[in-house]
A.B. asks: 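Take a look at the following structure, please.
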Amino acid sequence: MSVRLNASIPDGVAVLPAPQNLSVQSTNMKHLLTWSPVIVPGEIIYYFVEYQGEYESLYMSHIWIPSSWCSPTEGPACDITDDITATVPYNLRVRATLGSQTSAWSTLQHPFNRNSTILTPPVMEVTKDGFHLVIKLEDLGPQFEFLVAYWRREPDAKEHVKVVRSRGIPVHLETMEPGAAYCVKVRTFVKAIGRHSPFSQAECVKVQGEALPLALALFAFFGFTLMLVVMPLSVWKMGRLLRYSCCPVVVLPDTLKITNSPQKLISCRKEEVEACATAVLSSEEPFRSWI
């Protein structure tokens with residue numbers, strides 16, 4: 001609806017009509033105040049938006065506070081999300097200005113309470129990273145947390161629920177079994193207003209392939225068995241090698257072995273020397289006689 005400047009101006013004073021059709025569109029705790037524009041051909045109209053919460057109404061003599069982002073604003077809409085900070089009724093009003101001309105205030109017919117916001121399921125992306133079930137959720141702001149339900153797609157499957165507070169970051173849900181399909185659904189929860197959205201449509205992913213092929217399984221089994229046999233043998237052999245290298249066993253020849261006491265050994269050596277001398281003398285006798 002468009003409201004035009006009244007061509008009939010009493011006493012030469014231009015009066016702008018007030019904006020009409022004020023309403024608030026609120027989805028997922030984002031609040032947008034809209035109104036029908038005031039149209040003056042060839043001119044740009046600016047608007048001022050003010051709000052009054054329960055505190056301002058009861059304890060501050062009904063004062064009005066200018067909106068953080070829309071005083072002034074050029075378009076016929078104002079994001080009042082940052083102004084609505086409590087779950088109480090808020091009065092909202094708008095007026096138009098053109099130079100020194102100012103319209104009367106138009107007030108929202110019914111006060112707005114943020115607990116009437118429409119909550120919708122978040123946009124989600126379900127993927128698999130190898131055998132990991134991974135979900136990435138839309139960032140709806142710090143007031144939101146997400147209830148994620150997931151299950152293996154099979155008869156009488158148990159449904160698991162996980163609370164996710166990280167936004168825009170991939171989250172690991174479960175390690176999947178090869179060849180199985182898993183499904184996920186999610187809904188939002190806003191503690192500030194004590195409400196949650198409906199669940200989203202379930203999305204499912206499947207891990208391709210089967211469990212280990214038979215040949216690979218047999219190969220793994222024999223490899224493991226061989227390792228059980230070879231490993232202790234290798235450890236034993238290495239231990240023997242290290243023991244020989246670090247602490248070798250020295251075997252003395254029989255000639256170096258001392259089997260008797262030192263005194264007995266000395267006596268034995270004297271007898272041998274005397275016997276040897278007698279043998280030498282005996283062998284020299286014939287030689288002397290020949291000479």
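Just so you know, these numbers come straight off a predicted model, no measurement behind them.
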A.B. asks: Which heavy atom in Trp64 sits nearest to a heavy atom in Gln52, and how many Å separate them?
C.D. replies: NE1-NE2, 3.4 Å
A.B. asks: Looking at Glu177 and Val207, what are the two nearest heavy atoms and their distance?
C.D. replies: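 Where Glu177 meets Val207 most closely, the heavy atoms are O-CB, 3.9 Å.
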A.B. asks: According to the interplanar angle, ranging from 0 to 90°, do the rings of Tyr90 and Tyr51 count as parallel (below 30°), tilted (30 to 60°) or perpendicular (above 60°)?
C.D. replies: tilted
A.B. asks: Hey, are Ser68 and Asp82 close enough side-chain-wise for a donor-acceptor pair under 3.5 Å?
C.D. replies: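 Looking only at side-chain atoms, Ser68 and Asp82 do not form any donor-acceptor pair under 3.5 Å.
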A.B. asks: side-chain hydrogen bond (donor to acceptor under 3.5 Å, both in side chains) with Ser116: which residues, sequence neighbours excluded?
C.D. replies: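 If we apply the side-chain hydrogen bond (donor to acceptor under 3.5 Å, both in side chains) test to Ser116, skipping adjacent residues, there are no hits.
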A.B. asks: More than 12 heavy atoms of other residues, nucleotides or ligands under 6.0 Å from NZ of Lys136: yes or no?
C.D. replies: no
A.B. asks: Above 12 or not: heavy atoms from other molecules or residues under 6.0 Å from NE2 of His172?
C.D. replies: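 Counting neighbours around NE2 of His172, more than 12 heavy atoms of other residues, nucleotides or ligands fall under 6.0 Å, so yes.
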A.B. asks: Answer yes when Glu50 and Arg95 have at least one side-chain N-carboxylate O distance shorter than 4.0 Å, and no when they do not.
C.D. replies: no
A.B. asks: Any idea which heavy atoms bring Lys162 and Leu173 closest together, and the distance?
C.D. replies: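 Nearest heavy atoms, Lys162 then Leu173: CD-CD2, 3.9 Å.
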A.B. asks: Quick check: does any side chain N or O of Ser197 sit under 3.5 Å from a backbone N or O of Thr188, one acting as donor and the other as acceptor?
C.D. replies: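 Such a contact is found between Ser197 side chain and Thr188 backbone.
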A.B. asks: With sequence neighbours left out, what residues match Thr117 under side-chain hydrogen bond (donor to acceptor under 3.5 Å, both in side chains)?
C.D. replies: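 Thr117: side-chain hydrogen bond (donor to acceptor under 3.5 Å, both in side chains) contacts with Ser26.
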A.B. asks: Could you go through the side chain to side chain contact (heavy atoms under 4.5 Å, CB included) check for Asn28 and Val190 one step at a time?
C.D. replies: CA-CA 9 Å; Asn28 291 331; Val190 182; over 6 Å; no
A.B. asks: Side chains of Thr87 and Asn115: is there a donor and an acceptor less than 3.5 Å apart?
C.D. replies: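 No, no side-chain donor-acceptor pair sits under 3.5 Å.
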A.B. asks: Please walk me through it: do Tyr47 and Trp35 pass ring-ring contact (aromatic ring centres under 6.0 Å, His included)?
C.D. replies: CA-CA 10 Å; Tyr47 304 92; Trp35 56 89; 5.4 Å; yes
A.B. asks: Could you pull out the closest heavy-atom pair between Pro17 and Ser103, with the gap in Å?
C.D. replies: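 Residues Pro17 and Ser103, closest heavy atoms: O-CB, 3.3 Å.
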A.B. asks: Is the count of non-hydrogen atoms from other residues, nucleotides or ligands lying under 6.0 Å from Arg153 atom CZ greater than 12?
C.D. replies: no
A.B. asks: Kindly work out whether a path of hydrophobic side-chain contacts (I/L/V/M/F/W/Y, heavy atoms less than 4.5 Å apart) joins Tyr46 to Trp69.
C.D. replies: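 No: no chain of side-chain contacts under 4.5 Å links Tyr46 to Trp69.
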A.B. asks: Does Glu159 CD have over 12 foreign heavy atoms under 6.0 Å away?
C.D. replies: yes
A.B. asks: Where do Ile39 and Ile45 land on the side chain to side chain contact (heavy atoms under 4.5 Å, CB included) test, with the steps shown first?
C.D. replies: CA-CA 7 Å; Ile39 296 178; Ile45 304 296; over 6 Å; no
A.B. asks: Measure the spacing between OH of Tyr182 and CZ of Arg152 and express it to the nearest 0.5 Å.
C.D. replies: 4.5 Å
A.B. asks: Should the heavy atoms of other residues, nucleotides or ligands under 6.0 Å from CD of Glu154 be counted, would the total exceed 12?
C.D. replies: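 Buried by this count: over 12 neighbours within 6.0 Å.
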A.B. asks: Report, as yes or no, whether the 6.0 Å neighbourhood of atom CH2 on Trp105 holds more than 12 heavy atoms from other residues, nucleotides or ligands.
C.D. replies: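 Counting neighbours around CH2 of Trp105, more than 12 heavy atoms of other residues, nucleotides or ligands fall under 6.0 Å, so yes.
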A.B. asks: What about Leu147 and Trp151, same hydrophobic cluster or not, with Ile/Leu/Val/Met/Phe/Trp/Tyr joined at side-chain heavy-atom distances under 4.5 Å?
C.D. replies: no
A.B. asks: I would like to know whether Arg93 and Leu108 meet side chain to side chain contact (heavy atoms under 4.5 Å, CB included); could you show each step before the answer?
C.D. replies: CA-CA 6 Å; Arg93 67 182 188 179; Leu108 188 68; over 6 Å; no
A.B. asks: Write down the atom of Pro198, the atom of Arg187, and the distance for their closest heavy-atom approach.
C.D. replies: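 The pair with the smallest heavy-atom distance is O-CB, 3.3 Å.
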A.B. asks: Using a 4.5 Å cut-off on heavy atoms from C-beta on, say whether the side chain of Cys183 contacts that of Tyr150.
C.D. replies: no
A.B. asks: Once the angle between the rings of Tyr55 and Tyr59 is folded into 0 to 90°, is it parallel (under 30°), tilted (30 to 60°) or perpendicular (over 60°)?
C.D. replies: tilted
A.B. asks: If only side-chain N and O atoms count, and only distance matters, is there a donor-acceptor pair under 3.5 Å linking Thr34 with Ser23?
C.D. replies: yes
A.B. asks: With no hydrogens and no angle check, do the side chains of Asn91 and Ser57 hold a donor and an acceptor under 3.5 Å apart?
C.D. replies: no
A.B. asks: Write down the atom of Ser67, the atom of Asp83, and the distance for their closest heavy-atom approach.
C.D. replies: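 Residues Ser67 and Asp83, closest heavy atoms: OG-OD2, 2.7 Å.
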A.B. asks: Please walk me through it: do Phe48 and Thr97 pass side chain to side chain contact (heavy atoms under 4.5 Å, CB included)?
C.D. replies: CA-CA 8 Å; Phe48 287 79; Thr97 63; 3.7 Å; yes
